Protein chains: 2
Amino acid sequence: MALGDTTRLSLLSRLCEGRPLSISQLTEGTRLTRQGVTKHLAILERAHIVAKRRVGRESQYSVRPESLSEASDYLSRASRQWDQAIARLERLLEE
Amino acid sequence: MALGDTTRLSLLSRLCEGRPLSISQLTEGTRLTRQGVTKHLAILERAHIVAKRRVGRESQYSVRPESLSEASDYLSRASRQWDQAIARLERLLEE
DNA sequence: CATTTGCGCAACCTCCTGGTTGCGTGTGAG
DNA sequence: CTCACACGCAACCAGGAGGTTGCGCAAATG
């Protein structure tokens, strides 16, 4: 679950401000290493939540707005799984 | 999260049939070792979802009905966390 | 040109979860 | 008494997540 991590959610929120940011820029403001941030960005990219674009020597990341609805779907599916666990439990309770 | 595991939920459902079951009885029907089941039961016991009672050479486990509502609360809190993640995401979408 | 900056890659580390194996002990059955 | 069964304890293992370190390379800077 790419969005189950608060670090990634906060990186995503930085990107949601609009302008693309490089890895180093995204690293500022976190207590992580550049490599740590890189890994999280790779995960977000694999999930098609974020896009990478090489500009000169920088890797600029930007959010893919069209993907946010998918992300939202993903999260609500996750939420629904818990709802189902509750439902199962409540069925058990009735028996 | 004691109930976030499908193995534990299925053990719990076995116990919800009513009669107390020993570890060996609970192990039948799973593809796990007795020790694996024992660990899961210990987790359920620590979470006060299940009660252990030594009867002769057996350890009989039974579900604590009064705890199931707490368990349900717990699960809905988990579900709510995902809902909050969705909400956060949707706020970001608006900005 | 030399130096700095921004990266990518790979190895490594720690912690947690789910799971197994080995062994010792108490209990019940014959 | 003897033996098999049910269990507890502890050590161990594999995999994945989150993170860091070390190194090398390409682009910008002066």
Side-chain angles (χ1 to χ4, degrees), chain A residues 1-15 17 19-63 71 74-75 77-78 81-82 85 88, chain B residues 1-15 17 19-63 71 74-75 77-78 81-82 85 88:
Chain A
M1 45 181 90
L3 289 176
D5 182 276
T6 60
T7 302
R8 281 191 293 271
L9 272 176
S10 97
L11 286 175
L12 183 57
S13 99
R14 300 269 306 277
L15 289 177
E17 292 175 8
R19 54 185 174 290
L21 295 175
S22 70
I23 297 180
S24 299
Q25 289 171 327
L26 284 168
T27 301
E28 294 177 33
T30 69
R31 293 181 209 85
L32 287 84
T33 314
R34 174 180 58 86
Q35 287 309 319
V37 173
T38 300
K39 284 196 177 182
H40 284 295
L41 289 173
I43 292 172
L44 287 174
E45 190 189 6
R46 259 186 270 125
H48 301 104
I49 296 171
V50 126
K52 172 157 89 170
R53 176 170 153 240
R54 198 69 194 255
V55 177
R57 64 183 171 184
E58 296 187 345
S59 275
Q60 293 193 336
Y61 283 81
S62 50
V63 64
Y74 193 85
L75 287 177
R77 266 199 302 280
Q81 286 187 353
W82 285 104
R88 251 179 295 165
Chain B
M1 44 181 94
L3 289 177
D5 183 277
T6 60
T7 302
R8 281 191 294 269
L9 272 176
S10 96
L11 286 175
L12 183 58
S13 98
R14 298 269 306 276
L15 289 176
E17 294 176 6
R19 55 186 173 291
L21 295 175
S22 70
I23 297 180
S24 298
Q25 289 171 329
L26 284 168
T27 301
E28 295 177 32
T30 69
R31 293 183 209 86
L32 285 84
T33 315
R34 174 181 58 87
Q35 288 309 319
V37 173
T38 299
K39 284 196 177 182
H40 284 294
L41 288 172
I43 292 173
L44 287 174
E45 191 189 6
R46 258 186 271 124
H48 300 106
I49 297 171
V50 126
K52 171 157 90 171
R53 175 171 154 241
R54 197 69 194 256
V55 176
R57 64 182 170 183
E58 296 187 344
S59 276
Q60 293 192 338
Y61 284 81
S62 50
V63 65
Y74 194 85
L75 286 177
R77 266 200 300 281
Q81 286 188 354
W82 286 105
R88 250 178 296 164

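So that the names make sense, note that chain A is the first sequence line, chain B the second, and so on, each numbered from 1. What you are looking at is a predicted structure, and each value in this text was computed from that prediction instead of being measured.
Atom NZ in A/Lys39 sits 11.0 Å away from atom CG in A/Leu32 (nearest 0.5 Å). Between the CD1 atom of A/Ile23 and the OG1 atom of A/Thr38 there is a distance of 4.0 Å, given to the nearest 0.5 Å. Remark: B/Lys52 NZ to B/Glu58 CD distance equals 13.0 Å, nearest 0.5 Å.
Between A/Arg34 atom CZ and D/dC25 atom C1' the separation is 12 Å, expressed in whole Å. For B/Asp5 and D/dG16, the CG to P distance is 16 Å, given to the nearest whole Å. One can place CD of B/Gln35 at 17 Å from P of D/dC5, the figure rounded to the nearest angstrom.
Heavy atoms of A/Gly56 sit under 4.0 angstrom from primed sugar atoms or phosphate atoms, though from no base atom. At the heavy-atom level, A/Glu58 lies under 4.0 Å from the strands shown only through sugar-phosphate atoms.
Contact of the B/Thr33 side chain with the B/Thr27 side chain is not registered, since no non-hydrogen atoms from C-beta on lie closer than 4.5 Å.
The stretch residues 20-33 of chain B touches DNA chain C through B/Arg31, B/Leu32, B/Thr33, each having a heavy atom under 4.0 angstrom from the strand.
When each of A/Val55 and A/His40 is assigned the nucleotide of DNA chain D bearing its nearest heavy atom, the one mapping closer to the 5' terminus is A/His40. Two residues, A/Lys39 and A/Arg57, neighbour DNA chain C, and the one matched to the more 5' nucleotide by heavy-atom proximity is A/Arg57.
In terms of heavy atoms, A/Tyr61 sits closest to A/Leu15 at O-CD2, 3.3 Å. Summarising the geometry of A/Val55 relative to A/Gln60, their closest heavy-atom pair is CG2-OE1, 3.6 Å, with the distance given to 0.1 Å. Nearest heavy atoms, A/Val37 versus A/Thr30: CG2-OG1, 3.9 Å. Heavy atoms only, all atoms of each residue included: B/Arg57 and B/Arg54 are closest at O-NH2, 3.5 Å.
Protein chain B contacts DNA chain C from C/dG18 to C/dG28, reading 5' to 3' and using non-hydrogen atoms of the protein with a distance under 4.0 Å.
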